[in-house]
Number of protein chains: 2
Amino acid sequence: MDKILVQDFLYVYVASMNEMTPLPLWQRVGEDIIARIVSGDLKPGVMLPSETDLGAEMGVSQGTARRALAELERRGIVERRQGRGTVVATTTPDSDHFHFFRLRDAKGSEVTPVLEVETVEKRRSTAAEREAFGEDVRQVYAIDRLRSINGKRIVRESSVIPVTLFAALETRAPLPNALYAFYQQAYGIAIQRADERLRAVSADAADAAAMDVETGDPMIEVTRRAIDLSERVVEIRCSRYVTDDLAYAVTLR
Amino acid sequence: MDKILVQDFLYVYVASMNEMTPLPLWQRVGEDIIARIVSGDLKPGVMLPSETDLGAEMGVSQGTARRALAELERRGIVERRQGRGTVVATTTPDSDHFHFFRLRDAKGSEVTPVLEVETVEKRRSTAAEREAFGEDVRQVYAIDRLRSINGKRIVRESSVIPVTLFAALETRAPLPNALYAFYQQAYGIAIQRADERLRAVSADAADAAAMDVETGDPMIEVTRRAIDLSERVVEIRCSRYVTDDLAYAVTLR
DNA sequence: CAGTGGTCTAGACCACTCC
DNA sequence: GAGTGGTCTAGACCACTGC
């Protein structure tokens with residue numbers, strides 16, 4: 001009886017804002033867990049209740065709680081291990097760096113980029129940045145980085161993030177190698193996915209001055225928008241790669 | 001009792017070739033369906049048995065058959081619709097072309113490439129092609145295509161496929177715009193995924209002669225290996241794009 | 001050993017599609 | 001109305017983990 005009441009309540013609740021289409025219970029449970037993570041109530045590495053307990057808390061069966069957790073695992077939001085339990089996904093600095101870093105060597109193996117130069121600047125946002133972040137974002141941090149791989153300077157990255165989301169970033173210097181793990185640990189902002197656009201460009205004078213490349217050489221320019229669990233654009237990144245020895249690798253399905 | 005026998009049988013069967021680790025029943029059911037598709041027993045667009053019937057055929061419960069079908073749907077191998085049924089995924093010529101075609105315009109919308117020139121050649125395989133296809137592949141078809149987008153010739157593709165898999169391809173001319181749908185319909189070869197490597201290159205004399213680009217202009221070169229449901233490399237494709245007006249778009253998760 | 005997730009079953013009810 | 005997939009439940013048993 002209790003469960004039926006919950007279900008009816010959810011129906012009314014969701015219908016009021018979503019054209020009479022109630023969300024399935026398992027999705028509600030999943031959204032609820034995501035909300036807890038976003039709010040900081042559940043932090044990365046923290047163990048979640050068991051399927052049985054979670055179901056009891058939410059007033060659903062163990063099977064429904066299980067389906068919610070399975071979906072969160074598929075999305076990489078939690079990690080589950082038989083006999084151990086379910087924890088909020090922890091993207092370690094090492095593994096995280098490679099999660100969205102697509103450069104691979106000729107054999108397809110991961111490469112280890114070394115941070116060479118970093119500058120952090122606080123400035124007013126550009127119109128394009130406001131278009132992406134929202135019009136209310138007037139100030140941003142710009143993090144410019146230069147990386148070398150196998151001793152050659154071939155990666156230039158420029159990350160832009162809103163000041164409102166990353167308060168007092170300048171006091172955090174030096175920033176760690178892997179920014180996304182840092183965003184999560186220091187600010188509770190978890191990157192869910194990244195949309196990238198790749199174009200071919202010619203190395204300009206600034207590229208030639210900073211990297212092991214000559215003006216006019218072909219390079220790949222990647223423009224990325226990183227989206228967090230709340231579906232906000234939280235970072236815009238523009239990277240320029242010299243792909244003489246490396247390639248951008250991706251699998252399409 | 002019957003079901004227990006089936007389960008024990010599967011255990012022994014799989015254990016003999018897989019280090020005592022039996023595959024879950026739902027995976028066995030899924031693999032069985034894939035095998036039927038690969039063998040041509042089930043063709044694209046054909047309706048599968050209902051969950052209940054499939055479970056009965058395989059000696060598993062409806063829930064287990066359901067899980068197998070859900071996984072196949074997630075992998076894009078079948079399409080399911082409430083009230084209608086489950087059919088083997090049909091990649092229509094139109095939709096298929098965009099499945100692995102990542103070029104998007106400035107707004108991120110799909111673009112419609114127009115086939116301008118096509119040549120098909122039968123020749124001996126190169127060492128690199130044998131490395132990808134297997135050493136026994138001595139002959140290949142090379143399909144060279146030139147495409148225009150919005151009236152500008154900016155895409156050059158070269159697809160290489162083994163003669164053994166695509167018998168008498170030369171009699172099929174002219175080939176349709178979307179090769180992967182054609183592979184599936186004419187040869188029963190379904191592309192499951194594609195691994196791509198992107199590099200920046202400078203347009204060479206051949207690019208300048210064939211496309212609306214000048215020698216030395218930066219271009220993106222994409223080297224693709226297409227893998228079918230049997231996990232074979234069935235096509236190697238090298239594409240060169242001019243990205244003045246378009247970008248290669250991808251979402252990382 | 002207790003507790004966890006992983007698999008599998010059986011059955012209920014609902015929503016959608018098509019005849 | 002018959003048949004389909006979608007959701008949800010309840011309960012069984014197994015495999016793995018850690019104390």
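Below, chains carry the letters A, B, ... as their sequence lines are ordered, and counting in each starts from 1.
More than 12 heavy atoms of other residues, nucleotides or ligands sit less than 6.0 Å from atom CG of D53(A). Remark: D32(B) CG is packed, more than 12 non-hydrogen atoms of other residues, nucleotides or ligands lying under 6.0 Å away.
With M58(B) as the fixed residue, the side-chain contact (heavy atoms from CB on, under 4.5 Å) test singles out one of L25(B), T64(B), V29(B): V29(B).
Nucleotide dA10(D) holds its P atom 11 Å from the CD atom of Q62(A), rounded to whole Å. Regarding E73(B), its CD atom lies at a distance of 10 Å from the P atom of dT7(D), rounded to whole Å. Rounded to a whole Å, the CG atom of L25(B) is 15 Å from the C1' atom of dA15(D). What separates CD of E51(A) from C1' of dA12(D) is a distance of 14 Å, to the nearest Å. Atom CZ of R67(B) is separated from atom P of dG6(D) by 15 Å (rounded to the nearest Å). Computed from coordinates, the R74(A) CZ to dG6(C) P distance equals 15 Å when rounded to whole Å. The distance between atom CD of Q27(B) and atom C1' of dC8(C), rounded to the nearest whole Å, is 14 Å. Rounded to an integer number of Å, the gap from CZ of R80(B) to P of dT7(D) is 10 Å.
The pair E231(B)-R193(B) counts as a salt bridge, with a side-chain nitrogen and a carboxylate oxygen less than 4.0 angstrom apart.
The residue among R66(B) and D53(B) whose nearest nucleotide of DNA chain D lies closer to the 5′ end is D53(B).
Here dT4(D) is the nucleotide among dC8(C), dT4(C), dT4(D) with the atom lying nearest to any side-chain atom of S50(B). In the set dC8(D), dT17(D), dG5(D), dG5(D) carries the atom at the smallest distance from any side-chain atom of Q82(B). Considering only side-chain atoms of P24(A), the nucleotide from dC8(D), dT9(C), dG5(C) that sits closest is dC8(D).
The side chain of R81(A) places no N or O atom within less than 4.0 Å of a non-bridging phosphate oxygen (OP1 or OP2) of dT17(D). For T86(B), no side-chain nitrogen or oxygen approaches OP1 or OP2 of dT4(D) to under 4.0 Å.
Taking each heavy atom of P113(A) and N177(A) in turn, the nearest pair found is O-ND2, 3.9 Å.
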